2 protein chains.
Amino acid sequence: MGRWEPEARERLMVAALDLFGEQGYENTGVAQIAERAGLTKSTFFRHFRDKREVLFGGQDELVSLIAAGIEGTPASAGALKAVERALVAIGVTFTDSRRANGPRRLAVIAANAELRERDALKMAGFSGVIKDGLLLRGVPEIEAAVVAELGVLALRIAYGRWLEAGGDFADVARPALEEVAAAAAALEGAE
Amino acid sequence: MGRWEPEARERLMVAALDLFGEQGYENTGVAQIAERAGLTKSTFFRHFRDKREVLFGGQDELVSLIAAGIEGTPASAGALKAVERALVAIGVTFTDSRRANGPRRLAVIAANAELRERDALKMAGFSGVIKDGLLLRGVPEIEAAVVAELGVLALRIAYGRWLEAGGDFADVARPALEEVAAAAAALEGAE
DNA sequence: ACGGTTGATGAGACCAAGTCCCATCACTCT
DNA sequence: AGAGTGATGGGACTTGGTCTCATCAACCGT
């Protein structure tokens, strides 16, 4: 059965999310996920490097979009503007179907330390691309690191709001970044 | 042999770092680490929840110190000042022996995705305690998140400099936080 | 000195994640 | 039809991680 059925990857992701939600991430075996998708363990690991990645697919695409968004920003613009363009750029991947699964996905990740690890690394990856992109534009080291962290924070905030409210991701990303930047600029000195 | 020898945990950490450096993290088995320490696999997992944690011990202590550092800051002080106190507070754990192993440890972590994941989660954990501590002080949500991220960034920067230069951790942590805060305050708007 | 208790360890069975290798089947092209 | 291609099935194998039970040294009270 199921052999050569299209979208094996999609089927695996759906099956995994369903099972994780029903019985928890740790109580769900890879073989079980594959079975529900009409496939086998071998095929699962052909599509995903490990069990976690079935929940974190598409990161490479986001990284590319972020890098492109920064690189495509006029050299005259500031670092924050470049990050804003990056956040807007990734909006194209935030589709309705992703939004539908978002809350379940977040709940599963929040309930498991192994998945939180992967999520943290994913965010660190975003931060890294942003920082590297800014360094290429000549932004000083510390400023690049600061803006990268603030950008990722804005991304997380915007993602949460987008899951709740829907609509165009850019419409939540821009205000989120502005709020974060405003909070940063308003800080009093530490001495 | 080696039964009841003191500091089994220490011996395991040293053996692990040695073996990871010699032959890589992935080519080193838990049984091998335990053997070099004169112990067994069972005992290894009694001291560390998993293979990675042998490189990340002491996080709980840091988290406690951070929380205490923030809580012990006068309510009149700003968020940045509380974070500064937290960074100074963790300085007591940065001993000479830790500094001696630091570079090797960083190299091993950098070379392995699994370990980078754990490291990223560790940093996210720090960020979380800081943020929670600031929220308890009445700092607004966004500002707390911003300052927490900046604090962790300063922590990473300070740790790198401390590994190079040595001395009192507080003497590198304070300037690092000031630089980060200054870079954040100097940002131009995103519009 | 003796026996019981405690606490860390040893030993081994066991499960699941992840790797490898090879056979198989559907589809395509010539 | 026959060969090639690419995704899949299947099973052996390694290793991280869990669990249970036995063991042994130190301590403690009588």
Side-chain angles (χ1 to χ4, degrees), chain A residues 1-57 59 108-109 111-119 121, chain B residues 1-20 22-57 59 108-109 111-119 121-122:
Chain A
M1 88 167 37
R3 186 118 78 151
W4 287 102
E5 304 257 341
E7 298 160 1
R9 189 184 176 92
E10 271 297 310
R11 265 161 40 215
L12 285 168
M13 289 169 52
V14 171
L17 196 51
D18 286 347
L19 288 168
F20 293 163
E22 291 167 15
Q23 52 188 28
Y25 173 80
E26 302 165 289
N27 301 321
T28 304
V30 170
Q32 195 183 358
I33 300 170
E35 188 191 1
R36 176 170 294 205
L39 298 167
T40 64
K41 197 178 97 175
S42 298
T43 303
F44 180 95
F45 284 111
R46 228 170 253 121
H47 285 278
F48 304 100
R49 259 180 315 155
D50 54 54
K51 185 180 168 186
R52 300 170 209 115
E53 200 180 308
V54 75
L55 285 172
F56 292 94
Q59 174 169 11
V108 172
I109 293 174
N112 184 273
E114 216 175 326
L115 296 173
R116 288 197 303 272
E117 282 192 15
R118 176 62 59 93
D119 191 58
L121 183 65
Chain B
M1 81 172 40
R3 187 121 74 153
W4 287 102
E5 304 257 340
E7 296 159 4
R9 189 184 176 91
E10 271 297 308
R11 266 160 40 216
L12 284 168
M13 288 170 53
V14 170
L17 195 52
D18 286 347
L19 288 168
F20 293 163
E22 290 168 14
Q23 52 189 25
Y25 173 81
E26 302 165 289
N27 301 321
T28 304
V30 170
Q32 194 183 359
I33 300 170
E35 188 191 2
R36 176 171 293 204
L39 298 167
T40 64
K41 196 179 99 174
S42 297
T43 304
F44 180 96
F45 284 111
R46 228 170 253 121
H47 286 278
F48 304 99
R49 257 179 316 160
D50 54 55
K51 185 180 168 186
R52 298 170 215 128
E53 199 179 309
V54 74
L55 286 173
F56 292 94
Q59 174 168 9
V108 172
I109 293 173
N112 184 273
E114 216 175 327
L115 296 173
R116 287 198 303 273
E117 281 190 18
R118 175 62 59 93
D119 191 58
L121 183 65
K122 187 179 172 182

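Just so you know, these numbers come straight off a predicted model, no measurement behind them. Lettering of chains follows the sequences in order, A, B, ..., and the numbering in each one begins at 1.
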Only distances under 3.5 Å count here; give the side-chain donor-acceptor pairs of residues 36-44 of chain B to other protein atoms, sequence neighbours excluded, each with its distance to 0.1 Å.
| residue | atom | partner | partner atom | Å |
| --- | --- | --- | --- | --- |
| Arg36(B) | NH1 | Glu22(B) | OE2 | 3.2 |
| Arg36(B) | NH2 | Glu22(B) | OE1 | 3.3 |

- Message: If the cut-off is 4.0 Å, is His47(A) near the phosphate of dT8(D), judged by side-chain N/O to OP1 or OP2?
- Response: yes
- Message: Closer than 4.0 angstrom, basic N to acidic O: yes or no for Glu117(A) and Arg52(A)?
- Response: no
- Which whole-number value in Å describes the distance from Asp50(B) CG to dG17(D) P? 5 Å
- Message: Reading DNA chain C from 5' onward, which residue's closest nucleotide shows up sooner: Arg46(A) or Thr28(A)?
- Response: Thr28(A)
- Note on the structure: Regarding the side chain of Thr40(A), the nearest nucleotide among dG17(D), dG9(D), dA11(C) is dG9(D)
- Message: For dG17(D), does the base pair up with any side-chain atom of Lys41(B) as donor and acceptor (N or O, under 3.5 Å, distance only)?
- Response: yes
- Considering all heavy atoms, the nearest Ile109(A)-Arg116(A) contact: O-CG, 3.3 Å
- Message: What is the separation between atom CG on Leu39(A) and atom P on dG10(D), rounded to the nearest whole Å?
- Response: 11 Å
- Query: Can you find a side chain N or O atom of Thr43(B) that sits less than 4.0 Å from OP1 or OP2 on dG10(C)?
  - Reply: yes
- To the nearest angstrom, the CD-P distance between Glu53(A) and dG18(C) comes to 10 Å
- Task: In whole angstrom, give the distance that lies between atom CZ of Phe45(A) and atom C1' of dA12(D).
- Result: 15 Å
- Nearest heavy-atom approach of Val30(A) to Phe45(A) is CG1-CE1, 3.8 Å
- Query: How long is the line joining CG of Leu12(A) and C1' of dA17(C), in whole Å?
  - Reply: 16 Å
- Sugar-phosphate, base or nothing in reach of Arg49(A), heavy atoms under 4.0 Å: sugar-phosphate
- Note on the structure: note: Glu114(A), atom CD; dG18(C), atom C1'; distance rounded to Å ~ 12 Å
- Message: From CZ of Phe48(A) over to P of dA16(C), roughly how many Å is that when rounded to an integer?
- Response: 21 Å
- Any donor-acceptor pair under 3.5 Å between the side chain of Ser42(B) and the base of dA11(C)? yes
- Between Arg9(A) and Gly57(A), what is the shortest heavy-atom contact and its length? NH2-CA, 4.2 Å
- Separation of Glu26(B) atom CD from dT15(D) atom P, in whole Å? 13 Å
